[in-house]
J.: 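What follows is a structure written as structure tokens; I'll ask about it next.
Whatever order the structure lists them in is the order used to number ligands and atoms, beginning at 1. Just so it is clear, the structure is predicted and the values come from calculations on it, not from any experiment.
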Amino acid sequence: MTDLSDCFRPGEAWLDDRGVAINAHGPGLLFHEGTYYWFGEHKIEGRAGNSAHVGVHVYSSQDLYSWKDEGIALAVSDDPAHDLVRGCIIERPKVVYNRSTRRFVMWFHHEPKDRGYNGSRSGVAVADTPTGPFRYLGNFRPNAGVWPENTTTEQRRELNAEEQARLAALELPGGPLPYYPKQILFRRDFAGGQMARDMTVFVDDDSTAYHLYSSEANGTLHISQLSDDYERPAGKYVRVFPGGFHEAPALMKWRGRYFLFSSGCTGWAPNAGRLSVADSIWGPWEELGNPCLGPGSLITNTFGAQSAFVLPVAGRNDAFIFIADRWRPENAIDGRYVWLPIQFMNDVPVIAWQDRWSLDFFDQQTFRTKL
Ligand code: DGJ
């Protein structure tokens, strides 16, 4: 085990203030009043650790290197009738602070126990302090009864019986397929709400928050505005890259442009990272390609990891950290964190491997290379 008191060592074991490996996977970070908070899935040993047996763990830090264990922010329940019963799925928790309500709002991907990933639901919990405990508000499929903004009048129709029958016969396991129906699933889910799996939450400069989630059996991303209190969808969303199969969304904004990191859909196995850009969060979005720089085979699988979050470093211009998970589905608790500095080349964020690095990296001027 390595002491990481003054640097980041991507992929190596990372110990907390008690010398225990940080247990907060699929993370989301929050900077609030001078302190960073790291929220993530608390995993247990073995394959059982791929579902939730403890809850969402939170740590705090002043310097991003040393992390204090602040305990379980959102706990699973022992009540078999509770949505968050031990053994359900709680993934990719993200916490944002709402200035008006002064509440911390946690969003997460939720799957009911023993139902695989078919539930595709979003959970919401709130707290008055960043470390919680968070109070569970409920879960749902977002945007029930709302048509996406970027659809035509012709598309705004619920499925007829024939379309429903055709769709019911298809197997849609969550990865790319030649017969994936690109323009059908959001219509099927109009009444009951849209499927929502991998997700993030992003707060814009004007305090408007957005929920980004893999929808339509993972085939299409949705970008959905949140209500002013951040606790539910506002009722406005767009579909992005229908049939593109993006997971693991992580959004950053730099010089007025939105950059979206994501992955392909290959379960726990890593695949090539993806980067997309837009001038407005509502699009149009353009795919730029793989943001990872070589040399080496690691760039074809995002350094063995999958994106989870982009952290703007407080008090520094142009300083962002790409945060990703190296999943270990056979022994989930041993999953590792890959934190790498984002560099800008020709005004586009890119990521290169570093065995070891510190925040001084952002003092170097060369990272802003522009042709
Ligand atoms: C990849 C996702 O990014 C993870 O959060 C998790 O849902 C796994 N798939 C499950 O296979």
J.: Counting heavy atoms not belonging to Arg135, are there more than 12 under 6.0 Å from its CZ?
T.: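 Not buried by this count: 12 neighbours or fewer within 6.0 Å.
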
J.: Heavy-atom contacts with Trp268 under 4.0 Å: which atoms of ligand 1 show up? List them by number with element.
T.: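 Ligand 1 atoms under the 4.0 Å threshold to Trp268: 4 (C), 6 (C), 8 (C), 10 (C), 11 (O).
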
J.: Hey, what's the ring geometry for Tyr136 with His82, parallel, tilted or perpendicular (30° and 60° as the breaks)?
T.: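 Tilted: the ring planes of Tyr136 and His82 meet at 30° to 60°.
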
J.: To the nearest 0.1 Å, how far is atom 3 (O) of ligand 1 from its closest protein heavy atom, and which atom is that?
T.: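 Protein heavy atom with the smallest distance to atom 3 (O) of ligand 1: Asp198 OD2, 2.4 Å.
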
J.: Which bit of Arg92 is near ligand 1, meaning a heavy atom under 4.0 Å away: side chain, backbone, both or neither?
T.: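 Under 4.0 Å from ligand 1, Arg92 contributes side-chain atoms alone.
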
J.: Atoms of ligand 1 less than 4.0 Å from Gln306 heavy atoms?
T.: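 Taking each heavy atom of Gln306 in turn, ligand 1 has 1 (C), 2 (C), 3 (O) under 4.0 Å.
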
J.: With a 4.5 Å heavy-atom cut-off, do Phe261 and Pro349 have their side chains touching?
T.: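 Yes, side chains in contact.
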
J.: Below 4.0 angstrom from a heavy atom of Gly267, which ligand 1 atoms are there? Numbered from 1 as shown, please.
T.: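 The atoms of ligand 1 under 4.0 Å from a heavy atom of Gly267 are 1 (C), 9 (N), 11 (O).
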
J.: Walk me through it: do Glu33 and Tyr97 pass the test side chain to side chain donor-acceptor pair (under 3.5 Å)?
T.: CA-CA 11 Å; Glu33 294 182 351; Tyr97 176 65; 5.8 Å; no

J.: Between Tyr337 and Trp38, is the ring-ring contact (aromatic ring centres under 6.0 Å, His included) condition met? List the steps.
T.: CA-CA 12 Å; Tyr337 313 105; Trp38 172 346; 4.9 Å; yes

J.: Give the numbers and elements of all ligand 1 atoms closer than 4.0 Å to a heavy atom of Glu91.
T.: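 So the atoms of ligand 1 that pass are 4 (C), 5 (O), 6 (C), 7 (O).
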
J.: Dump the intermediate steps for ring-ring contact (aromatic ring centres under 6.0 Å, His included) on Phe245 and Tyr180, then the final yes or no.
T.: CA-CA 10 Å; Phe245 283 89; Tyr180 174 78; 4.7 Å; yes

J.: Determine whether the side chain, the backbone, both or neither of His109 has a heavy atom under 4.0 Å from any heavy atom of ligand 1.
T.: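 Looking at His109 and ligand 1, no heavy atom falls under 4.0 Å.
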
